[in-house]
Amino acid sequence: MLTVLVIPGRIHWARCLRPGVLIARNRSIRRIFEAVASMMPRIAAMIGVVLVFILTYSVIGVHLFADAYHSNETEGLYKGAFDNVASAMLRLFVLVTTENYPEFMQPAYSASPFAVFSFTPSL
């Protein structure tokens, strides 16, 4: 029977290297890893485009909808959603995931029906 002595406070660094050894020795896993690694720059570029899109629309939203989200009709989570660019970016990121889309858009749509043209491209 194999007995392993565990010393408290000692870190086994060799365990951290096991995935690397597996990738180096197994050809099919190495190919999968290389394929995923080659896609990373494209994925990073796409994430960058989405972040620029969200940043642009949040700056526009701060200027257009700051008053609509400060009225007494706006309650709870979305009150002050366009106070600054950082909070607007967070709210627009949630909007890109289409979570609570009608609730988020309602205060701006109540202020102006043309606000739908600002929120529709994010879908």
Practice task
Taking all heavy atoms of Val62 and all of Ala88, pick out the closest pair and write down the distance.
Solution key: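 Reported closest heavy-atom pair: CG2-CB, 4.0 Å.
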Problem - In one Ile/Leu/Val/Met/Phe/Trp/Tyr side-chain cluster, 4.5 Å: Phe53, Leu90 - result: no
Exercise for the section: Verify the cluster assignment for Leu55 and Val49: are they in a single hydrophobic cluster under the rule of side-chain heavy atoms below 4.5 Å apart? Expected result: no
Spatial distance of atom [atom1] ([X]) from atom [atom2] ([Y]) [nearest 0.5 Å]:
{"X": "Arg30", "Y": "Leu22", "atom1": "CZ", "atom2": "CG", "result": "10.5 Å"}
{"X": "Leu92", "Y": "Leu51", "atom1": "CG", "atom2": "CG", "result": "12.0 Å"}
{"X": "Met39", "Y": "Met46", "atom1": "CE", "atom2": "CE", "result": "12.0 Å"}
{"X": "Ile54", "Y": "Arg91", "atom1": "CD1", "atom2": "CZ", "result": "13.5 Å"}

Practice task
Tell me, with the steps shown, if Met89 and Val85 meet side chain to side chain contact (heavy atoms under 4.5 Å, CB included).
Solution key: CA-CA 6 Å; Met89 283 182 71; Val85 176; 4.2 Å; yes
